[in-house]
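Everything numeric here is computed off the predicted structure, so don't read it as measured data.
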Amino acid sequence: MIQFIVSIFRPFRKLIEWTGVDYKQFITILKLKLLLDNRRNTAFTSNRGGDSRNMLIMQSGMFALFGALLTGLLHVIQSAFVFYFVIHSMVMIFTAMLIISEFYAILFATSDNSLIHSLPVNGQTVNLARNAHIFVYLFLLGFSLSFVPMIMGAFRFGIATLLVFIITLALNAAFTLFLTNIMYLGIMKMASGEKLKNLMMYFQVAIAVFFMAFYQYGIRLIDNTDVFNMFLSIHWYTFLLPQSWFAGTIDAIGTFNWDLNHLIFMALTIGMPLGAAIITGKYLTPVFNQKLADLEQSDRSSAVRKTRKVSGKWSRFAAKIFTRKNEERASFTVMWKMLGRERQFKLMLLPSIGYILVLLPLMFQGTNLQNVTSGKLFIALLYFPILIAATFSSAVMVGDQKMSGWIFRSSPMDSPADLFKGTIKAGFARFLLPVYLILAGVVLFFWGPARITDIVIAFLANYLMTMILYFYQTPRFPFTLEKSAVQGGSNGLRMVVSMFVVILIAMFHYGTLSFGTWISLLLIPIYIAVILYVDRKWVYSQITWKQIDENNRY
């Protein structure tokens, strides 16, 4: 599969070499990156035997299944333009989420510079291999998510649309990647060193909000008054949406419609990604590599970080609420402080909070307030925080000190489970709980005190799912893995699986509302009993010192 992937770049050899890249070195580096990813353990795999793990195929299969379920209602759309507009919007949302939450550390990795510095490999080659590595994952994600819809579209709108759709998928991934590169380079020119790192961390959230809001707004332009005859009117602002370019190009070729609007869509489809790629590869890469060198120098000269002194009243109060053993409370206190200081952890986690902040107002957009309060939309709001829990499980393992596990291993604890329990509870109290309280406040404001029972039930469900997502993975000490060890879609897959489970739990909660409040109240003791079992029994069998020693380096 790796050989097939790298062969995709062969037709573009001349263009690649024109940018100053050594093609053979570029292919060698890319194959090595993909080979390592294909053999890498993720949070979804526990078998450590064998050389080849075929993780790329496994991830593609998971995303294809998710895409099939997510786009199950596309068969009612009669317009090719709307059909492919919806698919490209879905792909762009997920690729934007991945490029922000998953591949930031790869894009800004300074390890490549350190390892290849003494070899006859120029910066252009290393940087293009880095971008191509990300592009492969973005394209595989898009192809897998839309595999079932693209087959459906081929039968309905012709085989030509299938071929054009695959080409537009590649252009979609390339445009998203290079647009993000340009945005990052712009922010890199505003600061340097330690200030740049801090600025980048918060810029992540801003980009997440921008992408999610941009593409969600595009979906809402579709007139779905008649479900079987949905259409999208073309206005001047339609040409600002990249998914319109790709959908318009497919529609033009599939329906042989060559009017002015479709010709503009085709020009934008080809011109914008190609222009962004040339600008980035030919002119921005030298500046980008220089900034990476500055970041590497900053990494060496800023080992000690100054942090604000905080009173710790809220952390001490939360520790009393969520912990019961001294060892667990000590872990809670230490991890509370570390979670607030680890930059790579926050770079992965904060975008998931940004997604919720975007989805919250969009859920109320264009809806009559009376219709909102008379419905059961509050159920969806109360289960949003699971997005944070799914990201936290992977993010908490990533850090700069790769060999610091011996510090945790030397802790005087009878069971390592207490360390892990303190970690997840500190993360829940510091990041997920504040978001949940905001959402609960929104529910109380619009739906009234009658929803207090549902708020309690959803809180217990969120807490239970947060613990299970963290405990049910390979037990590794916090902040001891490289970002690349959890990249390649593992975080995205975790979100996919958790979303399925949460949807089932939320639907069950939703179903109990039809039987009255007293039936819903029965969920409270059930959740409490399961939480106590997980917290006091199951976790101690799931995380042992033997498992810790098998999966951690000291």
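With Asn172 contributing its side chain and Thr168 its backbone, the two residues share no donor-acceptor pair below 3.5 Å. Using a distance-only test at 3.5 Å, with no hydrogens or angles considered, no donor-acceptor pair links the side chain of Ser394 to the main chain of Ala390.
Applying the 6.0 Å contact sphere to OH of Tyr540 captures more than 12 heavy atoms from other residues, nucleotides or ligands.
Residues Gln473 and Ser393 have side chains in contact (heavy-atom distance under 4.5 Å, counting atoms from C-beta outward). At least one side-chain heavy atom of Leu513 sits less than 4.5 Å from a side-chain heavy atom of Asp454. Under the 4.5 Å side-chain criterion, counting only non-hydrogen atoms from C-beta, Trp314 is not in contact with Arg430. By the 4.5 Å heavy-atom criterion applied to side chains, Met467 and Ile531 are counted as neighbours. Looking only at side-chain heavy atoms (C-beta outward), Phe471 and Ile424 come within less than 4.5 Å of each other.
Pro478 and Met335 make their closest contact through CB-CE, 3.6 Å (heavy atoms, listed as atom of the first residue, atom of the second, distance). Scanning both residues, Asn462 and Leu382, for their nearest heavy atoms gives ND2-O, 2.9 Å. Considering every non-hydrogen atom in both Gly142 and Val91, the closest pair reads CA-CG1, 3.7 Å. Contact between Leu339 and Ala426 at its shortest, heavy atoms only, is CD1-C, 4.0 Å. The two residues Leu169 and His88 make their nearest non-hydrogen contact at N-CE1, 4.0 Å. Phe479 and Met338 make their closest contact through CD1-CE, 3.4 Å (heavy atoms, listed as atom of the first residue, atom of the second, distance).
Summarising the geometry, atom CD1 belonging to Ile526 is positioned 11.0 Å from atom CG belonging to Leu521; distances are rounded to the nearest 0.5 Å. Atom OH of residue Tyr472 and atom CD1 of residue Ile543 lie 13.0 Å apart, to the nearest 0.5 angstrom. Ile457 CD1 to Ile505 CD1: the interatomic distance, rounded to the nearest 0.5 Å, is 12.5 Å. Of the inter-residue distances, the one linking Ile87 atom CD1 with Phe83 atom CZ reads 4.0 Å to the nearest 0.5 angstrom. To the nearest 0.5 Å, the span separating CD on Glu328 from OG1 on Thr323 amounts to 5.5 Å.
Residues Phe378 and Phe446 place their aromatic rings such that the two centres sit no closer than 6.0 Å. Taking the ring centroids of Phe431 and Phe345, they lie under the 6.0 Å cut-off.
Taking the ring-ring contact (aromatic ring centres under 6.0 Å, His included) definition, one finds that Tyr436 meets it with Phe459, sequence neighbours left out. Scanning for salt bridge (charged side-chain N to carboxylate O under 4.0 Å, His left out) contacts around Asp251 gives an empty result, with sequence neighbours left out.
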Take Phe332 and Asp418 through the side-chain contact (heavy atoms from CB on, under 4.5 Å) test and state the conclusion after the steps. CA-CA 9 Å; Phe332 183 101; Asp418 293 324; over 6 Å; no
For the pair Tyr463 and Phe428, evaluate ring-ring contact (aromatic ring centres under 6.0 Å, His included) and give the outcome as yes or no after the intermediate values. CA-CA 8 Å; Tyr463 186 49; Phe428 180 88; 4.9 Å; yes
Apply side-chain contact (heavy atoms from CB on, under 4.5 Å) to residues Thr423 and Ser331 and explain how you reach the verdict. CA-CA 6 Å; Thr423 300; Ser331 172; 4.1 Å; yes
side-chain contact (heavy atoms from CB on, under 4.5 Å) for Val539 and Phe420? Distances and angles first, verdict last. CA-CA 9 Å; Val539 65; Phe420 284 76; 5.6 Å; no
Applying side-chain contact (heavy atoms from CB on, under 4.5 Å), run through Leu523 and Phe508 and close with a yes or a no. CA-CA 10 Å; Leu523 293 177; Phe508 183 72; 3.2 Å; yes
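Aromatic ring orientation, Phe85 versus Phe81: tilted (interplanar angle from 30° to 60°). Ring geometry, Tyr84 versus Phe165: the interplanar angle falls from 30° to 60°, so the pair is classed tilted. Note on ring orientation: taking the six-membered ring where Trp is involved, the planes of Trp245 and Phe175 are perpendicular (angle over 60°, cut-offs 30° and 60°).
Checked options His509, Arg451, Met507; the residue passing with Ile379 is His509 (criterion: side chain to side chain contact (heavy atoms under 4.5 Å, CB included)). None of Leu433, Leu432, Leu439, Ile438 except one satisfies the side chain to side chain contact (heavy atoms under 4.5 Å, CB included) rule with Val435; the exception is Leu439. Tyr527 pairs with exactly one of Leu460, Leu532, Leu522 by the side chain to side chain contact (heavy atoms under 4.5 Å, CB included) rule, that one being Leu460.
Pairs engaging residues 519-535 under the salt bridge (charged side-chain N to carboxylate O under 4.0 Å, His left out) rule: Lys421-Asp535, Lys425-Asp535 [sequence neighbours left out].
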